[in-house]
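Read through the structure below, which is laid out as structure tokens, and then see the notes.
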Amino acid sequence: MKSGEAPEQMIVVEDLHRHFGGFRAVDGVSLEIATGSITGLIGPNGAGKSTLFNVIAGVLPPTSGRVTMDGEDITGLAPHQLFHKGLLRTFQIAHEFPSLTVRENLMVVPAAQSGETLWNAWFRRAAIRAEEAALRERADEVLEFLTIGHLAEERAGNLSGGQKKLLELGRTMMVEAKVVFLDEVGAGVNRTLLNTIGDAIVRLNRERGYTFCVIEHDMDFIARLCDPVIVMAEGKVLARGSAAQIMQNEAVIEAYLGTGLKNRAKGGAA
Ligand SMILES: Nc1ncnc2c1ncn2[C@@H]1O[C@H](COP(=O)(O)OP(=O)(O)O)[C@@H](O)[C@H]1O
Ligand SMILES: [Mg+2]
């Protein structure tokens, strides 16, 4: 980017809708995720954040609207097609393969994400052996990067919630990702692990040029990592700005007081 020019956009969402029957979970969202940014996405539970991620990542078809990546229309492409373009998402609830080791969980990623299910990939372990050495080396690099090298032989099912989130992030590093969507990476994670996750995101952003869009309720985490921050409420974009601007925005405070704190008090992870 030359100085004075507008930033390049990795993702552009135009007037996106996703309705469930008569309910408008995503109700006309337009936003941009600048190339090279770590963009935050916040909002009370039920705001439509995960649904927006699901539509962008091809898990749900949109009711209407358009999504482009690097200027190319990607609306409605399947997750494995997006995966090949370097668009990855992690889930709010980690979906590791519990009986495989941590290292194996990473080694099956390239096959598992190419349109196969994890189960199929697991049954194809014989075929995977052909590329095993290279995959193994890569997996171990990823684990070192994430400071969990000592857990390589552990069954993934035995990891703590926070370690599973790190593993989830690690899955995005087994391939050449361009833009990664992280849904509540910090949910149920202790402060130390949350900092480790944050550090890994920053390093991936700086050293590997990953663009991120991060949903997270922890505002300290968002403020440390994200610029800009986009706020959603009731299916719409409510505000956009720096974390400092967002935290002083009347409409944002109102939205959180109206529904967010109540829902969060119930302890739901919707
Ligand atoms: N598959 C679905 N069918 C019906 N309603 C849904 C479905 N998925 C999400 N919703 C509703 O859409 C709204 C937004 O949900 P979600 O995107 O998960 O919000 P957030 O991630 O911001 O908490 C919620 O009211 C939720 O109940
Ligand atoms: Mg959600």
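Values below: every heavy atom of this structure, side chains too, minus hydrogens, waters and symmetry copies. Ligands are counted one by one from 1 in listed order, and the atoms in each one are counted from 1 as well.
Among the backbone and side-chain atoms of S50, an N, O or S atom lies under 2.8 Å from the Mg ion (ligand 2).
The distance criterion of under 3.5 Å between nitrogen or oxygen atoms is met by G46 with respect to ligand 1. The shortest N or O to N or O distance between A25 and ligand 1 is not below 3.5 Å.
A salt bridge is defined here as a Lys NZ or Arg NE, NH1 or NH2 lying under 4.0 Å from an Asp or Glu carboxylate O, and D15 with R66 fails to meet this definition. Between R224 and D199, at least one side-chain N (NZ, or NE/NH1/NH2) sits under 4.0 Å from a carboxylate O, which counts as a salt bridge. In this structure, E72 pairs ionically with K85, as a charged nitrogen and a carboxylate oxygen lie closer than 4.0 Å.
Near F23, the atoms of ligand 1 lying under 4.0 angstrom from a non-hydrogen atom of the residue are 11 (C), 12 (O), 13 (C), 25 (O). Of all atoms in ligand 1, numbered sequentially from 1 with element shown, those under 4.0 Å from a heavy atom of A47 are 19 (O), 20 (P), 22 (O). Annotation for ligand 1: atoms under 4.0 Å from non-hydrogen atoms of S50 are 17 (O), 18 (O), 20 (P), 21 (O).
The closest approach between G43 and ligand 1 stays at or above 4.0 Å for every heavy atom of the residue.
Taking the centre and axis of the six-membered ring of F145, the NZ or CZ atom of R208 falls inside the cone set by 45° and 6.0 Å.
E176 CD: 12 or fewer foreign heavy atoms inside a 6.0 Å radius.
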side-chain hydrogen bond (donor to acceptor under 3.5 Å, both in side chains) assessment of D183 paired with S50
CA-CA 7 Å; D183 197 346; S50 292; 2.6 Å; yes
